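Step one of this worksheet: look at the structure below.
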Amino acid sequence: MSTFKLMKNEIRMLRNQFKSAITSPSMLLFYSVTFFGIFFVSSVISTFVSFAPLFFNFSVLLEETLDMGMIFAATAVLSASSVVSGYFGLGPAAVLTLEDESLMMSAPVKPHQIFLSRYARRILRKISFITIGVLAILPLLISASLLFFAAVSLLAIIIISLEINYFLGAMSSYVRLWISRKTQHRLRHLIVIALGAIALLPAHPWLLSNVSAIYVAPSNALALFLTESTGIFSQGIPPLYSIIFIMIGFMVCLLLTANICGYEYYELFSDNKGREQTEGRFSKIIRGEIDFSKSQFTDPMIWIMMKDFWSRLRSPMQIWKYIYAVVGTVFVLYLNIVKPIWFPPIIVPIGLAFAIVPAFILMMILFVQMGSVTSMLSFVDERDNIYLLKASPFNPRDIILSKYLLSLFEVAITVIPACGFLIYFIHIEGYLAVITLIAPLTILFTATGSAFGAYVPVMTNDPKTLPVPLALSFPIINLGLGAIMVLLVAIFSDSMLILVILPLFTLSLVYFFLALSLRALNTYK
Amino acid sequence: MTIRADIERMPGDELLRLARVLKVPIVVRTIKRSWLVDKVLKELEKRDAKIPIALESPAIQISSVTKNFGKKTAVRKLNLRVEPGEIVGLVGPNGAGKTTTLRMLTGIIRATSGSIQVDGYDIVDEAISAKERIGYIPEKPTCYPSLTAREYVMFTSRIYRVPHETALIRMREFVELFQFEEFIDTYIGTLSKGNLQRALLIGIFAREPPYILALDEPIYGLDPRGAWNLKKLLRRLRDEGSAVLISTHILEVAADLCDRFVIMNEADVVGHGTLEELQKLHPDTNSLEEIFLSLTGGIPE
Ligand SMILES: Nc1ncnc2c1ncn2[C@@H]1O[C@H](COP(=O)(O)OP(=O)(O)OP(=O)(O)O)[C@@H](O)[C@H]1O
Ligand SMILES: [Mg+2]
């Protein structure tokens with residue numbers, strides 16, 4: 001009963017959010033930029049490249065290079081990785097918010113009721129975003145002559161499977177709580193290996209061929225759906241079966257997760273929040289409680305950078321990022337220099353050669369884009385401290401520049417290994433000319449990221465949550481800018497003019513976006 | 001009766017809603033306001049007056065509670081009881097463990113050891129029954145930003161199973177008391193700190209008394225008029241049998257409002273009792289402030 005009241009409330013909040021989003025012009029602007037941007041990009045792509053033969057070739061290619069077991073293995077690895085990462089995660093506590101802490105945790109409602117209502121909202125949100133997203137890529141779907149219904153159901157099933165994986169992660173976090181209650185032995189966390197192995201088990205070839213009940217396992221049901229609905233390695237089992245298996249899996253996992261929601265997750269949430277607070281406190285140093293004249297740097301810009309660097313390093317993910325950067329770079333260098341036999345680059349079939357250059361460029365742009373998300377977050381990470389930063393005796397220009405330069409470093413170290421890998425993996429003619437674009441792309445995208453991040457507190461009162469329209473239109477705008485840059489290069493590739501135009505284009509846009517960030521900083525709510 | 005005054009002050013749509021909740025038959029198109037008010041009041045009278053429930057004694061019982069955060073002890077072996085009809089002030093310097101105590105009391109976090117009873121219910125074993133009685137104002141008030149204040153009040157009153165008509169009438173009463181009328185339909189996300197606190201208070205008082213209140217620095221964000229109203233209200237509620245535990249370090253407020261004090265310092269209770277008792281123990285002091293200072297590190301020169 002209470003659960004329904006809570007759900008009703010969640011839905012009311014969602015509706016209010018929607019109402020305020022479509023009545024505030026800036027939000028509406030960003031939403032429409034996103035929607036029409038995707039629509040535009042997808043229609044442009046679909047006029048350039050005809051996807052239908054590509055898909056056909058692709059499925060032939062897949063059948064030649066893969067074997068069926070690999071698809072099952074891939075979905076099982078996906079599940080296993082959510083189980084393993086979920087083990088160290090917050091589990092159901094991840095849906096809790098600060099507001100819940102002050103209102104709901106002290107209210108006479110049970111933890112699973114909060115979880116279920118919050119989850120209902122999450123599902124509703126997802127459904128609406130998927131609907132909008134599918135509409136936006138309609139031109140692509142039509143050009144690929146994919147059936148609308150098939151595409152949507154594929155998307156829906158994949159998302160439901162990802163939700164199942166999320167639940168598996170939540171349950172594995174419960175195992176951690178449970179075992180920590182039973183024993184304090186140092187080796188207790190080794191159980192995560194067993195959990196991962198259990199998630200991998202359903203993909204075992206012997207089980208797959210001998211125990212037909214194993215197809216009910218969510219990861220297998222997903223793989224089965226993929227093979228049967230695309231026709232690659234089809235075994236002639238109607239996709240409906242796998243859909244039923246997946247729905248059953250979803251319901252079972254949802255109920256199990258609701259069942260494990262207990263008060264210990266309140267504790268987990270508060271603990272985690274406490275940790276965040278200490279991080280926030282650290283950034284308060286910039287308020288002037290530290291004596292700058294005693295620091296070995298006299299430049300406040302370097303100081304902000306140092307502060308950002310160290311406070312980020314305290315967040316658990318960051319250290320992995322640096323490790324990834326170092327290991328990835330070394331690995332990529334090794335690949336490109338030694339060219340080991342055990343890891344051959346893909347050989348592009350002749351039929352696909354026409355598509356490989358655009359694909360390469362697109363992937364390059366996407367890699368740089370993914371890396372540049374950090375720069376957007378560099379302002380969001382400040383949380384409420386952004387106001388402190390603004391109130392501190394720094395020139396706003398220094399703040400923007402320091403954020404930009406540090407982000408540039410961070411983006412570069414994530415982009416380098418990814419692109420190096422791309423270069424090795426997909427060999428294209430004249431790749432040297434193409435990869436030089438990585439530098440201007442990185443410089444530019446970091447600047448757009450800064451501008452987007454700086455605009456968050458302008459759009460909301462709550463500088464720590466990224467508004468959805470901003471998060472969505474960021475990649476779209478970058479994609480558009482990247483496409484324009486590639487176009488410029490393509491047009492002027494034969495003349496020396498490119499040596500002037502490309503830097504001019506990049507630098508003027510960087511200047512524009514940094515100026516925009518500055519403007520944003522000066523117009524905070 | 002005050003109910004009559006509250007109902008007469010209701011704006012038209014609220015009154016209509018109340019009439020609908022009470023199932024007052026409305027057949028004619030145009031109705032006179034006074035007629036509707038009378039009907040509503042008559043309908044309310046028909047519902048037999050509830051026997052007011054009394055709180056268990058003690059309303060709050062904290063027995064030997066310890067809370068550790070890793071190696072750090074935030075609260076050590078705390079014993080505290082609050083009787084119905086009593087306002088107890090939890091005072092102490094920053095970091096003394098006041099907020100931690102209130103968070104354990106409200107079931108947000110669990111005590112490392114010891115037990116807590118609220119209205120006779122154990123906060124861990126009978127969490128739902130215990131929490132139903134508690135009204136909590138957190139140290140940093142927050143609320144769902146995309147609800148309007150009215151939606152929030154109606155929502156909490158449902159969560160706490162308050163009859164709809166009661167919630168409507170009581171909301172009106174406290175909207176008037178806290179002068180909240182102009183904000184009742186705005187989004188909580190745009191409210192100022194003090195107004196947010198008022199919204200939370202209205203959310204609590206829309207429930208039926210008696211209350212067990214756990215208020216963490218409730219005066220801090222309010223303007224002088226709001227603070228005065230709240231203090232007056234708390235005294236009235238105390239006289240009607242509610243139990244209030246207030247954490248604060250504004251000593252004027254504490255001295256003026258509380259019947260008893262518990263003074264904490266670095267996780268320990270360093271003094272407790274009424275102002276007179278405390279003064280008797282520390283004869284060389286002549287105000288709560290001096291008692292406080294001497295108990296928590298000495299009076300500075
Ligand atoms: N989640 C947490 N993790 C670690 N330590 C914590 C956590 N919450 C509180 N503490 C520590 O417990 C101690 C008591 O904190 P508490 O918030 O209860 O103090 P307080 O009396 O409310 O202080 P104030 O007057 O500043 O509000 C502090 O030293 C604090 O740092
Ligand atoms: Mg406190």
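Bear in mind the structure is a predicted one, so any value in this text is a computation, not a measurement. We name chains A, B, ... by the order of the sequence lines, and we start the count at 1 in each one. For the numbers below, each heavy atom of this structure counts, side chains included, while hydrogens, waters and symmetry mates do not.
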Pairwise side-chain contact, [X] with [Y], heavy-atom cut-off 4.5 Å (strictly under):
{"X": "A:L6", "Y": "B:F155", "result": "yes"}
{"X": "B:R103", "Y": "A:E101", "result": "yes"}
{"X": "B:I159", "Y": "A:V109", "result": "yes"}
{"X": "B:I134", "Y": "A:S106", "result": "no"}
{"X": "A:N9", "Y": "B:R158", "result": "no"}

(request) With sequence neighbours excluded, tell me which residues meet salt bridge (Lys or Arg N to Asp or Glu O under 4.0 Å) with B:D223. (result) B:R198
Taking every non-hydrogen pair under 4.5 Å, which of [options] racks up the most with chain A?
{"options": "B:I123, B:T106, B:I137", "value": "B:T106"}
{"options": "B:G135, B:G107, B:C143", "value": "B:C143"}
{"options": "B:L105, B:T142, B:D216", "value": "B:T142"}

(request) Answer with side chain, backbone, both or neither: which region of A:K110 has an atom nearer than 4.5 Å to a non-hydrogen atom of chain B? (result) both
Can you tell me how far [atom2] of [Y] sits from [atom1] of [X], rounded to the nearest 0.5 angstrom?
{"X": "A:E264", "Y": "B:I109", "atom1": "CD", "atom2": "CD1", "answer": "15.0 Å"}
{"X": "B:I108", "Y": "A:M104", "atom1": "CD1", "atom2": "CE", "answer": "11.5 Å"}
{"X": "B:M154", "Y": "A:R12", "atom1": "CE", "atom2": "CZ", "answer": "10.0 Å"}

Quick check on [X]: does its [atom1] atom have over 12 non-hydrogen neighbours (other residues, nucleotides or ligands) under 6.0 Å away?
{"X": "A:K8", "atom1": "NZ", "value": "no"}
{"X": "B:E165", "atom1": "CD", "value": "yes"}
{"X": "A:R186", "atom1": "CZ", "value": "no"}
{"X": "B:R161", "atom1": "CZ", "value": "no"}
{"X": "B:Y121", "atom1": "OH", "value": "no"}

(message) Sort by residue number and list every residue of residues 124-133 of chain B having at least one heavy atom under 4.5 Å from chain A.
(response) B:A127, B:I128, B:K131, B:E132
(message) Between A:E267 (side chain only) and B:R110 (backbone N and O only), is there a donor and an acceptor less than 3.5 Å apart?
(response) yes
(message) Counting heavy-atom pairs under 4.5 Å with chain B, which one of A:S102, A:P108, A:A107 comes out on top?
(response) A:P108
(request) Determine whether the side chains of B:Y144 and A:D100 contain a donor N or O and an acceptor N or O closer than 3.5 Å. (result) yes
(request) Please state whether the side chain, the backbone, both or neither of B:L200 comes within less than 4.5 Å of a heavy atom of chain A. (result) side chain
